[in-house]
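Notes to accompany the following structure.
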Amino acid sequence: MRTIFFILQKEFLQVFRNRSMLPIIFVVPVVQLLVLAFAANYEIRNLSVDVVDHDGSTWSRQLRDKLLSSGYFTLHRQSYSQQEAFEDLEANRADLILTIPPHFERDLVRENEATVQLLVNAINGSKAGLAYGYAANIIGRFNRQVRMDWLALDEDDGPEHIDITYRYWYNPTLNYKFFMVPGILVVLVTLIGAFLSGMNIVKEKEIGTIEQLNVTPIRKHHFIIGKLLPFWIIALFELAFGLAVGKLVFSLPFEGNIAWVFLFAAVYLLVMLGLGLLISTFTETQQQSMFITWFFLIIFILMSGLFTPIESMPAWAQQLTLVNPVAYFVKVIRMVMQKGSGWADIQHYFGIMLLMAAAVNSVAIWNYRKTV
Amino acid sequence: MQPIVIENVHKRFGDVKALHDISFSVEQGELFGLIGPDGAGKSTLFRILATLLLADQGSAFVNGLHVVKDYKAIRRQVGYMPGRFSLYQDLTIEENLNFFATIFKTSVEENYDLIKDIYEQIAPFKGRPAGKLSGGMKQKLALCCALVHKPAVLFLDEPTTGVDPVSRKEFWEMLQRLRQKGIPILVSTPYMDEAMLCDRVALIQKGEIMQINTPGNIVKSYGKKIWAMRADNMFRLIRDLRAFEGTDSCFAFGEYLHVTLHVPVEKVQAYLTPLQHGNLVIKPAQPGIEDAFMQLMQEQNETV
C-alpha cells in the first residue's frame, strides 16, 4: 500500500509539473463546453431560399410570404429564371429553390390542383432533410388554408382534419444544449481517461525509466495502479468541474440524482483506463499510443449517439454500439440528467460497464509484462 | 559465496548472437570490468543479471540467487544503473533520490553514509530537474539512486559514456571508494584507460569473452615488442607500414603508431628511409591494455 502511495505522490508531482497539464485540466473543458455547445447546433435556421415565381399571383405571393415568415428561411433571391436559381444552388448560395409554375393560382382554382417544385441542396443530408420537412409542412398548411378560403368556410365548419397537439417530453423547450452538454462532458472524461493514462505509461518506456523501475521491488499491480489512479481522480474532478460549468452557463437540468452519474463514471473510467493500459502494452512511444487511441476514440465517439442517434444507424452499426462504452455513458448521463432516471433504470447499463471493465483490464494486465 | 556467478549464458536476438557461452564469476568486494566495443553484448549481459531479460541457455546467480527463479529477491538487493539515463527528467535531484529510496522502503537519511561522498557533489543543485543536469552530474545522480537502498551488488552499464574526462576520473574515484566499502561492482566500459582501474577485467567482443585476467597480467601476457613510430605525414606512414610484409599490426595510438613486427626493426628503417618520411621517429614502447585488446580482437577476427 505504501509503495502505491509513493508512486502516486510521484505521479501527481509529474502531472502538475507538466506545463501543458493544468491548461488541459481547466481550460480544455471550459472551451469545449462553451464552443461546442453553441456550435454543435441541431436547430437549422436561416436556410437561404431562391423563389422562382412564374405566376406572380396573390396566392403565389402568399405562399412565398408564409415560407419566409416561418423564421426558418431567408430569401436569397427572387427571380423569374430557373437558370439563375439553379446556379445559386450549385454555387451553394441557396439551400432550397421553390419554383411556382405559371398559372399556379388559375390551376388551383379551376382544376383544384396545382404543383410547386422544391429543389433541395443535399450536400449536407440532415440539413436537406430538415429544409424539406419545414418547407413541406408550411406548404401543406398553406394548402389547407387555401381550401378553406376558397370554400369560404370558417375554421369550425371546415373539412375534417386532425389537429395535433404535441409536447416535447423531457426537454419541453427542445433546448439542444441540455442534450449536447452532457454528451460533451462524456467526451471530455473519455479523453482524459483513455489518452492521458495510456500515454503516461508509454512515457516511462519511451524515456527508459521503466528499465530502472523494473529493477526495484515495485510490483506489477503497484505500478499499474500508481499510473492509472491519478487520471481516474483527475477525470472525475473534470466531470464535476464540467457539470458545474454546465449548470452555471447553460442552467443544465439535474433531474436525477447526480450521484448516479458519478458512480457510473467511476466504473466507465475503469474501462477507459484499461483501454489506455492495453494500448500502452503494445506500443513503444507516446506517438504510437496516441494514434491507436485516437483510432478507437473517433469510432467510439462518432458511434456513441452523441451526434447522430444510434436508432438511425444501420443494424450492423447498432450491433457494434453494444460494445461501445462511450455509447452507454452518453445514454446514461442523458437519462439521469434529463429524465431523472434512478438506479432501477441504469442498473442494466451499470452491469455491462462492470463486465467491460473486468474484461478490458484482465486482457490489459495479462498483456502487460513487467520484464520489458 | 561469490556475489556474481555466470554459467554458460547464451542469448540470441533473431540471427544475431548477442552472447555466446559466457561464464565468469566476480569475487567478494571486487571491481570487475567488462571491456569491449559497442555491440559486444555488454548491456545484454547486464540486463540478464538485472532480471530484465531471460537468457536462452545457461544460468546466472546474484548473491546466490537465481536470476529467473528468485528475481524478486534480486531486485531488492541490487543497484542497477542502465546504460541509458533512466531517471525522471522532470523531477529534481532530491525528488528522484527520495522516490527511489521510498520504493525500496528506506530513506535517504538511513543510508546517507554510503552516498554522502557522491551526493555532496551534486547537492548544490538538488532543486534542479534531472533533465537539466550535465552529463557527469546525471551519472552521479544515477549512481546515488542505484546506491540509496544499500545494494549488495552494483551493476553499472557504461556509467562514463558521454561524460567529460574530469567527471570520468571523479566517477572512478568514487567507484574505488565503494569497493573499499566491500560492495562488489560489475562495470562495463568501452574506455581502455578505465580498464586499468579494475581488479579484473573480461575482454568481450561479438558476444564472446576473449580473456579474463587482471589488467596487469593482460598487459604482461602481451608477448610482443611494440614500436612507437611517428612522422610528419601520419597517414602515408600508416599506409606504408601496412604495405610492408614484415608488419604484424599497425594501429594509431594518439600521436604515435603502435607497430608490431616479425622482422628486426632495422628492416623497417631500411624500408622506410627511401620513402622519405620527414621527422621519422621510431622508438620502443610499453604495451598497454589497449594493445592487448587489439591483438586479441585481431586473433578472434582471424579465427572466425
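The sequence lines fix the lettering, A, B, ..., with proteins before strands; numbering per chain opens at 1.
Neither the backbone nor the side chain of B:Gln77 has a heavy atom closer than 4.5 Å to any heavy atom of chain A. Interface residue A:Arg17: only side-chain heavy atoms are found under 4.5 Å from chain B. Only the side chain of B:Phe100 comes within less than 4.5 Å of a heavy atom of chain A; its backbone N, CA, C and O stay farther away.
More than 12 heavy-atom neighbours from other residues, nucleotides or ligands sit within 6.0 angstrom of CZ on A:Phe282. Residue A:Gln287 places its CD atom among 12 or fewer non-hydrogen atoms of other residues, nucleotides or ligands, all under 6.0 Å distant.
You'll find the side chain of B:Phe99 stays beyond 4.5 Å of the side chain of A:Thr216, heavy atoms only.
Taken to the nearest 0.5 Å, the CG atom of B:Leu53 stands 11.5 Å off from the CG atom of A:Asn214. For the atom pair CD of A:Gln14 and OH of B:Tyr88, the computed distance is 6.0 Å after rounding to the nearest 0.5 Å.
Of all the listed residues (A:Arg2, A:His222, A:Glu204, A:Gln9), the one sharing the greatest number of non-hydrogen pairs under 4.5 Å with chain B is A:Glu204. With chain A as the partner, the residue from B:Ile74, B:Leu87, B:Asn98 showing the most heavy-atom pairs under 4.5 Å is B:Leu87.
The main-chain N or O of B:Tyr80 is found under 3.5 Å from a side-chain atom of A:Gln212 such that the two form a donor-acceptor pair.
No option in A:Lys10, A:Lys203, A:Arg19 other than A:Lys203 meets the salt bridge (charged side-chain N to carboxylate O under 4.0 Å, His left out) test with B:Asp90.
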side-chain contact (heavy atoms from CB on, under 4.5 Å) between A:Thr209 and B:Gln89: does it pass, once the steps are laid out? CA-CA 9 Å; A:Thr209 45; B:Gln89 313 247 5; over 6 Å; no

